[in-house]
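Right, one structure below, let's go through it.
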Amino acid sequence: MNPSRPYLMRGLYEWILDNESTPYVLVDANILGVQVPQEYVNDGQIVLNISPGAVQGLMINNEAVSFNARFAGVSQNVYVPIVAVLAIYAKETGEGMVFGNEAGSSDPNDPQPVKQK
């Protein structure tokens with residue numbers, strides 16, 4: 001079976017927006033293939049606001065979360081392999097989901113590079 005994480009993320013993203021909240025994702029910035037502004041990484045993690053007003057071109061597919069956003073006024077492309085997403089939650093309430101390891105998902109410690117689409 002395919003990993004459930006991307007499916008759960010898409011559903012929770014819509015649920016958070018439907019409840020007029022701000023979707024945030026917690027990312028392990030140490031996973032191979034993660035492309036985020038390193039100056040905002042703290043203790044190997046970064047929290048990203050993925051609301052429609054904060055990002056452009058958001059795509060959550062089975063391989064990764066990608067979008068364009070401004071950081072300190074500078075437009076940057078962000079790419080996060082699905083395995084690097086640790087949680088998705090509503091900023092206002094903290095409700096959402098923390099992800100653990102699941103069968104069929106990539107091993108974050110695998111030395112093989114993550115394919116980018």
Side-chain angles (χ1 to χ4, degrees):
M1 302 235 353
N2 292 332
S4 60
R5 187 175 308 194
Y7 299 92
L8 294 169
M9 283 190 58
R10 288 188 288 265
L12 287 166
Y13 175 80
E14 288 185 30
W15 174 73
I16 292 167
L17 291 179
D18 285 351
N19 283 283
E20 299 179 3
S21 294
T22 309
Y24 275 20
V25 291
L26 175 63
V27 174
D28 181 344
N30 294 319
I31 299 293
L32 187 62
V34 171
Q35 296 174 6
V36 295
Q38 291 300 305
E39 59 270 28
Y40 297 99
V41 172
N42 189 13
D43 293 327
Q45 298 180 340
I46 186 169
V47 175
L48 300 168
N49 176 348
I50 59 170
S51 67
V55 303
Q56 293 182 335
L58 176 68
M59 184 150 54
I60 304 173
N61 62 31
N62 291 354
E63 289 79 36
V65 176
S66 60
F67 56 88
N68 183 277
R70 293 194 171 276
F71 295 86
V74 178
S75 180
Q76 296 192 35
N77 290 318
V78 173
Y79 184 89
V80 178
I82 286 292
V83 71
V85 177
L86 301 175
I88 182 169
Y89 61 95
K91 172 190 173 192
E92 294 78 4
T93 65
E95 291 182 79
M97 181 175 283
V98 175
F99 300 107
N101 295 331
E102 69 176 306
S105 66
S106 301
D107 181 351
N109 299 315
D110 188 349
Q112 298 297 318
V114 176
K115 291 183 182 177
Q116 294 184 18
K117 300 267 177 181

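All residue numbers in this chain count up from 1 along the given sequence. What you see below is based on every heavy atom in this structure, not just the backbone, and it leaves out hydrogens, waters and symmetry mates.
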Note to self: Can you confirm whether more than 12 heavy atoms, excluding those of Asp43, are under 6.0 Å from its CG atom?
What the structure shows: no

Notebook entry, point to check: Side-chain heavy atoms under 4.5 angstrom apart, residues restricted to Ile, Leu, Val, Met, Phe, Trp, Tyr: same cluster for Met97 and Val80?
Noted result: yes

Item checked: Listed partners of Val55 passing side chain to side chain contact (heavy atoms under 4.5 Å, CB included), at least two apart -> Leu58, Phe67, Ala69

Item checked: Reported CD-to-CZ distance for the pair Gln38 and Phe71, which is rounded to 0.5 angstrom -> 11.0 Å

Check: Tracing side-chain links under 4.5 Å among I, L, V, M, F, W and Y, which residues wind up in one group with Val98?
Finding: none

Notebook entry, point to check: To the nearest 0.5 Å, what is the distance between CD (Gln76) and CG (Asn68)?
Noted result: 8.5 Å

Next item on the list: Look at the side-chain heavy atoms of Ile, Leu, Val, Met, Phe, Trp and Tyr, link any pair under 4.5 Å apart, and say whether Ile46 and Ile50 land in one connected group.
Entry: yes

Check: Between Pro3 and Ile82, is any pair of side-chain heavy atoms under 4.5 Å apart?
Finding: no

Notebook entry, point to check: Taking only residues two or more places apart in sequence, or in another chain, which ones meet Tyr7 in a ring-ring contact (aromatic ring centres under 6.0 Å, His included)?
Noted result: none

Note to self: Applying side chain to side chain contact (heavy atoms under 4.5 Å, CB included), can you list everything that pairs with Glu95, at least two apart in sequence or on another chain?
What the structure shows: Trp15, Thr93

Checklist line | Pairwise distance CG(Asn77) to CD(Gln56) - rounded to 0.5 angstrom | finding: 10.5 Å

Note to self: Test side-chain contact (heavy atoms from CB on, under 4.5 Å) on Arg10 and Ile88; report intermediate values, then the result.
What the structure shows: CA-CA 10 Å; Arg10 288 188 288 265; Ile88 182 169; over 6 Å; no

Next item on the list: Identify, with sequence neighbours excluded, every residue that meets side chain to side chain contact (heavy atoms under 4.5 Å, CB included) alongside Thr22.
Entry: Tyr24, Asn49, Ser51, Lys91, Glu92

Item checked: Arg5 side-chain N/O to Gly100 backbone N/O, donor-acceptor pair under 3.5 Å -> yes

Item checked: Gap between atom CG of Leu12 and atom CD1 of Ile60 - 0.5 Å precision -> 9.5 Å

Notebook entry, point to check: For Glu20, does the CD atom have more than 12 heavy-atom neighbours from other residues, nucleotides or ligands under 6.0 Å away?
Noted result: no

Item checked: Residue list, side chain to side chain contact (heavy atoms under 4.5 Å, CB included) with Arg70, at least two apart or on another chain -> Ser75

Next item on the list: Could you state whether Leu26 and Val34 fall into the same hydrophobic cluster, counting links through intermediate Ile, Leu, Val, Met, Phe, Trp or Tyr residues with side-chain heavy atoms under 4.5 angstrom apart?
Entry: no

Next item on the list: Answer yes if Val36 and Val83 sit in the same cluster of Ile, Leu, Val, Met, Phe, Trp and Tyr residues linked by side chain heavy atoms under 4.5 Å apart, and no otherwise.
Entry: yes

Note to self: Tell me whether Val25 shares a hydrophobic cluster with Ile16, the cluster being built from Ile, Leu, Val, Met, Phe, Trp, Tyr side chains joined at under 4.5 Å.
What the structure shows: yes

Margin query: Quick check: closest heavy atoms across Tyr13 and Pro23, and the distance to 0.1 Å?
Written below: CE1-CG, 3.5 Å

Item checked: Closest non-hydrogen atom pair, Gly44 against Asn30 -> CA-ND2, 3.6 Å

